Number of protein chains: 2
Amino acid sequence: MADLIYKTIIDSLKKEINQNQFPNMKLPDERSLAEQYDVSRSSIKRALGTMAEQGIIFKKRGSGTFINPLYLKQDSYFSYSGKNLGITDSYQINGQKPGIKVLNFDVVRPDAELQDNLFLKPSEFVYSFKRLRLIDNVPFMIETGYIPIKLAPELSEDIASESIFNYVESELSQEVNKTYLTISAAPSDDEGQQLLDLAPTEPVGMMEGIFFLNDGTPFEFSTMKLHYKYFKYGSFVDLSNR
Amino acid sequence: MADLIYKTIIDSLKKEINQNQFPNMKLPDERSLAEQYDVSRSSIKRALGTMAEQGIIFKKRGSGTFINPLYLKQDSYFSYSGKNLGITDSYQINGQKPGIKVLNFDVVRPDAELQDNLFLKPSEFVYSFKRLRLIDNVPFMIETGYIPIKLAPELSEDIASESIFNYVESELSQEVNKTYLTISAAPSDDEGQQLLDLAPTEPVGMMEGIFFLNDGTPFEFSTMKLHYKYFKYGSFVDLSNR
DNA sequence: AAGTGGTCTAGACCACCGT
DNA sequence: CGGTGGTCTAGACCACTTG
């Protein structure tokens, strides 16, 4: 799974953090870790740097490296805080099983907004599909997706009933590795109340995003409505150098 | 401003990109850049890596480094990719004037959770305040904040009625430059319905976050309830290396 | 096969923190 | 002052893409 040194270290440290192996919230210093793992300090720096970006830890020059207390409090059903996201395996909730039910699957013409979002000409068709996602048979998200047929000519309802992104990676030897997400909240509509079993006073979390391939090609435009109890998005934001 | 090598390179490359110095959308290879700038390849990698995280460029192993066409389009997609956020100036929507009304301002003992979040001993007091924020006199956000008195001894209701972060930067010569945000949705409660003028079926967007100073010191814990119509959070996410 | 980005090392020197 | 993270170098070797 993780034969890269820095990833191995990240996994290892995460595990230790989650097991409360650092009760004073402080990690060993970088030089010690380098010795402990028998790798160079640079590799440690890479691992810690990535973890800091993800908000798991933060570093204080002159003092040391500390665990972000908020990271330990990921109480809700699932949280995004970094890893994957919006995609099948990101709903990795303590071994509970994700499910997908395809509600519809068509080919349509993109409207103006969609043409913009996916860099399409009006003449280029897109697959349009709606999926209901479940955790342990509990529906928690309604997903509406659009993918240009030229980018995935063989897409089918069968594929949509599993992981589209896995299909892209295994069959098209491309990778979906970037996304621009817009997050908001909205009252639940009829569809949401029915499919997600919500009361009229209960809202949905909305995530709207464009997913990009390796090379920057916009691959999918997706709108996700999530049951608010299952919706928690964590984001570590660096307000400097931008 | 940018006496760091990698930052200098980022600035320089950004400028060149914006001036269309790379008409084929491809940057020189890393080794050439290293020679050109007379720095090590590692520094070039650091610069390019940061730019890739920000979505400005894409790297393709074996092929080269390319400019993200969306970055050149400079439209709304990248409006978030950095500066500010969730804080005063980020709600600067077309010159509308932000307002702040301080609902209360006290000094209290932190509870256990807050002690954790702000790295405090039980004996250390915090300022506790609630503010209503407005755009063009329309209330859109209820903010509850906690700041350790030791970090801002002179904090006052007056300061809270303007920008606390500006105060930190001008008076304490520190900078708030990182935050870990947790975003979710929730039904509106009585307070929200009253202050934000919401119907019972209308929700709030929730943002909970710890704001950090330059040196990693947790400075403020803040809970923000936003009128759902004014709540939109954008985030560019890199799904690789995680 | 040549070109290009990815990972990793070993070590130097700097800047900041706390005692 | 010693300890800690930050930046940078020089170079090795690997993995992927393209011709």
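Everything quoted here is computed from the prediction, not taken from an experiment.
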Problem set entry | Short side-chain N/O contact to dC8(C) OP1/OP2 from Tyr6(A), under 4.0 Å | no

Problem set entry | Between P of dT7(C) and CZ of Arg46(B), the distance in whole Å | 15 Å

Exercise. What integer distance in Å separates Arg61(A):CZ from dG5(D):C1'?
Worked result: 7 Å

Problem set entry | d(CD, Glu35(A); P, dT4(D)) in whole Å | 12 Å

Exercise. Is the gap between the ring centers of Phe129(A) and Tyr146(A) under 6.0 Å?
Worked result: no

Exercise. Distance check: side-chain N/O of Ser40(A) vs OP1/OP2 of dG11(C), anything under 4.0 Å?
Worked result: no

Exercise. Would you say the base of dG5(D) and the side-chain of Arg41(A) have a donor-acceptor pair closer than 3.5 Å?
Worked result: yes

Exercise. Does a side-chain N or O from Ser63(A) land closer than 4.0 Å to OP1 or OP2 of dG3(D), or not?
Worked result: no

For this session: Looking at every strand, decide which applies to Lys45(A) at a 4.0 Å heavy-atom threshold: base, sugar-phosphate, or nothing.
Result: base

Exercise. Closer than 4.0 Å, any side-chain N/O of Lys60(B) to the OP1 or OP2 of dG5(C)?
Worked result: no

Seminar exercise, completed: With sequence neighbours left out, the residues meeting salt bridge (charged side-chain N to carboxylate O under 4.0 Å, His left out) with Lys59(B) are none

Exercise. Contacts to DNA chain D from residues 25-32 of chain A, heavy-atom cutoff under 4.0 Å, which residues?
Worked result: Asp29(A), Glu30(A), Arg31(A)

For this session: For Glu143(B), check side chain to side chain donor-acceptor pair (under 3.5 Å) against everything at least two apart and list the hits.
Result: Arg131(B), Arg133(B)

For this session: Would you mind reading off the distance between Ile57(B) atom CD1 and dT4(C) atom P, rounded to a whole angstrom?
Result: 15 Å

For this session: Could you tell me which residues satisfy ring pair (Phe, Tyr, Trp, His ring centres under 6.0 Å) with Phe221(A), sequence neighbours excluded, listed by chain and number?
Result: none

Problem set entry | Listed partners of Glu35(A) passing salt bridge (charged side-chain N to carboxylate O under 4.0 Å, His left out), at least two apart | none

Problem set entry | Among Leu48(A), Val39(A), Ile9(A), side chain to side chain contact (heavy atoms under 4.5 Å, CB included) partner for Leu33(A) | Leu48(A)

Exercise. How do Ser42(B) and Gly64(A) order along DNA chain D: which one's closest nucleotide is nearer the 5' end?
Worked result: Gly64(A)

Exercise. For Phe58(A) and dG5(D), what is the distance between atoms CZ and P respectively, to the nearest whole Å?
Worked result: 13 Å

Exercise. With sequence neighbours excluded, what pairs up with Leu151(A) under the side-chain contact (heavy atoms from CB on, under 4.5 Å) test?
Worked result: Pro148(A), Thr217(A), Phe219(A)

Exercise. Expressed in angstrom and rounded to an integer, what is the separation of Ile5(A) atom CD1 from dC13(D) atom C1'?
Worked result: 12 Å

Exercise. To the nearest angstrom, how far is Ile44(A) atom CD1 from dT4(D) atom P?
Worked result: 14 Å

